[in-house]
K.L.:
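Structure incoming, see below.
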Amino acid sequence: MAKNLLIVESPAKAKTIEGYLGKDFTVKSSYGHIRDLVKSEDAIDIANNFQQKYEVPADKKQVVSELKKLAKEAETVWLASDEDREGEAISWHLFDTLNLKEDKTKRIVFHEITKPAILKAIDNPRTIDYNLVNAQQARRVLDRLVGFELSPVLWKKVKPSLSAGRVQSVAVRLIVEREREINKFQTEAAFKIVAIFGKGKNAFKAELPQRFAQQADAEKFLQDCIGADFTVDSLETKPAKRSPAAPFTTSTLQQEASRKLGYSVSRTMSLAQRLYESGNITYMRTDSVNLSDMALNAAAQEIRSAYGEQYHQQRKYKTKSASAQEAHEAIRPTYFDRHTIDGDNAEKRLYELIWKRAIASQMSEAQFEKTTAKIGISTRNEDLIASGEVMKFDGFLKVYLESNDDEEDNQQDGDNAMLPPLQKGQQLDLQELSATERFSRPPARYTEASLVKKLEELGIGRPSTYAPTISTIQNRGYVVKEDRDGKARNYRVLTLKEGSISKQEKSENTGAERGKLFPTDIGAVVNDFLVQHFNGIVDFNFTASVEKQFDEIAQGMKEWTDMIRKFYAPFHKDVENTIETADKARGERELGVHPESGKKISVRIGRYGPFVQVGDNDDADNKPLYASLRTGQSIETISLEEALELFKLPKKVGVFEDKEMTVAIGKFGPYIRHSSAFYSLPKGIDPLDVSTEQAIEIINEKRKKDAEKLIKVFDEDPEAKILNGRWGPYIEYGKQNIKIPKDKDPNTITFEDVKALAGEAGKEPKKGAKKFAKKK
DNA sequence: CAGTGAGCGAGCTTCCGCTTGACTT
């Protein structure tokens with residue numbers, strides 16, 4: 001048996017370290033935290049100085065018992081969890097749970113998984129830092145108190161099963177408030193002037209720095225330019241340079257993978273996890289931009305041999321984030337000489353992104369020569385400006401260019417072009433001058449990745465929680481990630497060419513969104529409720545201010561229970577007060593009155609989501625009418641006209657095979673319902689204007705297509721079928737879709753097989769149906 | 001992919017951070 005047991009947080013790390021340490025060391029992993037507060041309400045004894053009740057969760061029992069056994073046999077136990085607040089707490093939980101002895105236990109830390117770093121750590125053991133542990137307990141207790149007191153308030157005042165917390169509620173707030181900024185945004189139009197001079201290879205663009213709000217002024221400008229002289233008034237050439245970005249942290253990796261590769265935050269993380277486990281990259285949950293000395297050297301060597309000495313420049317980056325705990329290195333390739341790796345396509349692309357970014361971070365800056373020409377107009381006081389750029393040395397741009405959230409801007413001005421050789425005083429030949437109406441843009445909606453960026457800036461959340469937080473706010477129904485179609489918008493273009501001005505009206509699509517985060521009505525209502533009653537918690541600075549206090553606890557300057565007590569007393573009072581006095585929050589809004597009946601029309605949140613109501617609840621003679629809002633509509637923005645439209649559907653369109661056909665609009669667009677089957681309406685057909693014949697034809701079409709997909713129906717139970725799907729044949733059994741296992745032939749599969757497979761997949765119907773059954 | 005929408009009540013839900021698997025289309 002090995003004399004030493006060394007425990008780290010991650011099994012992949014354990015494997016690497018075991019290789020460095022030799023036979024005397026057994027290296028094991030705790031798989032993160034091994035204990036947590038019990039789930040029940042008595043986890044924290046508030047009256048008794050916030051005494052906590054911890055337990056080992058079921059899925060950690062095995063890890064703990066194995067570690068216990070090994071610890072008993074070892075002479076020395078080395079606690080090597082990460083050097084941050086959570087890591088210190090993990091060490092303490094291990095110490096406590098495994099019943100370790102003070103004199104046989106050593107606490108060590110390292111920030112990089114390299115042999116020298118680990119040997120150095122072993123030479124410099126310390127004891128558990130209880131101040132740091134206390135800071136973690138304060139963090140844990142505060143989050144539990146906030147989450148488990150606020151959520152039940154929402155159950156009472158808004159809807160059951162909702163949740164609130166220090167992190168998620170701020171994330172939702174950001175999205176709700178951004179949507180409102182966009183809704184109230186007033187677009188301003190102005191005419192942008194662009195001139196084209198010269199011909200062929202020597203053609204170049206110049207722009208007027210100011211814009212004209214009025215068409216008349218733009219037109220006047222063009223008029224004045226007819227027959228005017230254009231002269232190069234001044235010419236300035238300046239060197240410019242550009243430096244590479246720091247290597248990736250979790251948050252920057254998520255942002256860049258989203259922009260460049262289109263990966264969602266969770267996709268990026270699971271791909272990175274695989275790269276980490278296969279030994280290709282360092283740890284992927286980090287807030288540090290630091291590279292180990294070993295990595296700096298390896299990168300230098302790689303750059304020299306692949307690109308040459310002049311491309312190398314050693315750089316050490318400093319984190320800009322105040323909340324960074326820097327327990328790990330930046331995300332980098334384990335071996336810089338691996339330009340690419342084995343793995344699937346997605347993994348390869350992510351690896352290459354990481355490799356390029358890390359390599360580029362150690363390369364020299366790119367150098368440019370930037371030329372700006374001022375072009376005078378004989379008939380006007382303004383100058384046109386032309387600018388061009390010539391790259392003198394590519395430097396880091398040889399491998400990597402960081403992308404930008406606002407690609408649109410770059411495309412629009414397209415200025416990095418080259419200018420032809422120009423001289424001061426030179427007369428220019430105007431080819432074309434245009435005034436194009438352009439519009440101011442509202443702030444951009446958040447993507448998953450830009451939300452992570454914002455949260456990180458606010459110091460809210462940690463690398464390990466960004467992806468789960470984004471999932472939580474979507475799972476709770478506060479936020480949806482969606483594509484939305486844009487609208488057509490007309491804009492005017494005036495063009496001066498060959499001495500005459502022409503006017504055109506063009507059309508463009510605007511406001512189309514892809515993969516953006518939109519608040520739902522319930523998200524907005526919950527947010528407003530929290531802002532009204534718990535402003536302190538959803539304040540953007542709340543986390544920063546408690547973090548400051550956690551730091552003081554960590555430095556031994558503050559007692560953690562004091563801090564929590566001071567926070568809890570007023571907070572709890574707010575909770576009690578709100579439960580007692582606050583009205584139920586439904587986000588009700590009145591839209592006006594019905595044009596014919598004069599009844600009141602309002603929208604609000606109901607048990608099943610947002611809906612419109614026509615008429616009063618207490619009008620006993622005339623029951624009110626209800627209609628649910630559709631995807632893309634919201635309480636805040638729906639108009640009276642749109643609300644009235646909702647009552648036109650569902651609409652009966654006739655009878656077919658003795659059963660009613662109804663047209664309605666569902667989650668996936670308009671459809672025909674016939675008995676229990678649904679048939680999507682083909683695009684271009686107005687759901688309000690479907691004839692009986694058309695409906696029957698659509699149903700028959702769909703049936704024909706389904707029949708083509710059908711391979712076999714089982715005699716034993718017509719609910720069991722074999723169908724040809726997108727990825728080949730599969731079994732449909734009632735509501736379940738079952739994959740055909742590799743060892744079975746779809747042609748010879750028996751009903752017995754189907755039943756067995758259905759049993760494995762779980763006889764229970766899927767999610768929705770299960771919930772329904774439970775309610776009944 | 002519908003329809004529903006009062007209020008009561010039993011018994012449920014819920015936080016943030018640290019880790020991996022075990023799942024399926």
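Computed from heavy atoms alone, side chains included, the values below leave out hydrogens, waters and symmetry copies. Within every chain, numbering begins at 1; the chains are lettered A, B, ... in the order of the sequence lines, protein sequences first and strands thereafter.
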K.L.:
Could I get the full list of side-chain hydrogen bond (donor to acceptor under 3.5 Å, both in side chains) partners for A:Asp539, not counting sequence neighbours?
P.N.:
none

K.L.:
With sequence neighbours left out, what residues match A:Arg589 under salt bridge (Lys or Arg N to Asp or Glu O under 4.0 Å)?
P.N.:
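For A:Arg589 there are no salt bridge (Lys or Arg N to Asp or Glu O under 4.0 Å) partners, ignoring immediate neighbours.
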
K.L.:
Check the distance between B:dG5's P and A:Glu588's CD and give it to me in whole angstrom.
P.N.:
16 Å

K.L.:
What do you reckon, do A:Tyr626 and the base of B:dG5 stack, with centroid distance below 5.5 Å and planes below 30°?
P.N.:
no

K.L.:
Can you list the residues that meet the salt bridge (Lys or Arg N to Asp or Glu O under 4.0 Å) rule with A:Glu588, with sequence neighbours excluded?
P.N.:
none

K.L.:
Can you tell me the distance, in whole Å, between the CG atom of A:Asp583 and the P atom of B:dG7?
P.N.:
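In whole Å, B:dG7 P lies 12 Å from A:Asp583 CG.
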
K.L.:
Could you write nucleotides 13-19 of chain B as a row of B, S and -, 5' to 3', where a protein heavy atom under 4.0 Å of any base atom gives B, of only sugar-phosphate atoms gives S, and otherwise -?
P.N.:
BBBBBBB

K.L.:
If you apply the rule side chain to side chain donor-acceptor pair (under 3.5 Å), what do you find for A:Tyr283 with A:Arg285, and how did you get there?
P.N.:
CA-CA 6 Å; A:Tyr283 198 56; A:Arg285 287 185 276 264; 3.1 Å; yes

K.L.:
Within this structure, what is the CZ-to-C1' distance between A:Phe678 and B:dG3, rounded to whole angstrom?
P.N.:
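My rounded result for the distance is 11 Å.
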
K.L.:
A:Lys60: which residues meet the salt bridge (Lys or Arg N to Asp or Glu O under 4.0 Å) condition with it, sequence neighbours left out?
P.N.:
none

K.L.:
Find the distance A:Gln62:CD to B:dT20:P and express it as a whole number of Å.
P.N.:
17 Å

K.L.:
For the pair A:Phe567 and A:Phe542, name the ring-plane relationship: parallel under 30°, tilted 30 to 60°, perpendicular over 60°.
P.N.:
tilted

K.L.:
Just the dot-bracket of DNA chain B, please: which string comes out with Watson-Crick or G-U pairs under 3.5 Å, [ ] for crossing, | for another strand?
P.N.:
.........................

K.L.:
For A:Lys156 and B:dG11, give me the distance from atom NZ to atom P, rounded to whole Å.
P.N.:
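From A:Lys156 NZ to B:dG11 P: 16 Å.
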
K.L.:
Return the value, rounded to whole Å, for the distance between atom CG of A:Leu649 and atom P of B:dC1.
P.N.:
17 Å

K.L.:
Who passes side-chain hydrogen bond (donor to acceptor under 3.5 Å, both in side chains) against A:Gln474, sequence neighbours left out?
P.N.:
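Counting only residues at least two positions away or on another chain, A:Gln474 forms a side-chain hydrogen bond (donor to acceptor under 3.5 Å, both in side chains) with A:Glu448.
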
K.L.:
Could you list the residues that satisfy side-chain hydrogen bond (donor to acceptor under 3.5 Å, both in side chains) with A:Ser161, not counting sequence neighbours?
P.N.:
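Checked A:Ser161 against side-chain hydrogen bond (donor to acceptor under 3.5 Å, both in side chains); zero matches.
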
K.L.:
Write down the distance between CD1 (A:Ile699) and P (B:dC1), rounded to a whole number of angstrom.
P.N.:
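So the CD1-P distance, A:Ile699 to B:dC1, works out to 18 Å.
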
K.L.:
I'd like to check the salt bridge (Lys or Arg N to Asp or Glu O under 4.0 Å) partners of A:Arg139; sequence neighbours left out, ordered by chain and number.
P.N.:
A:Glu86, A:Asp143

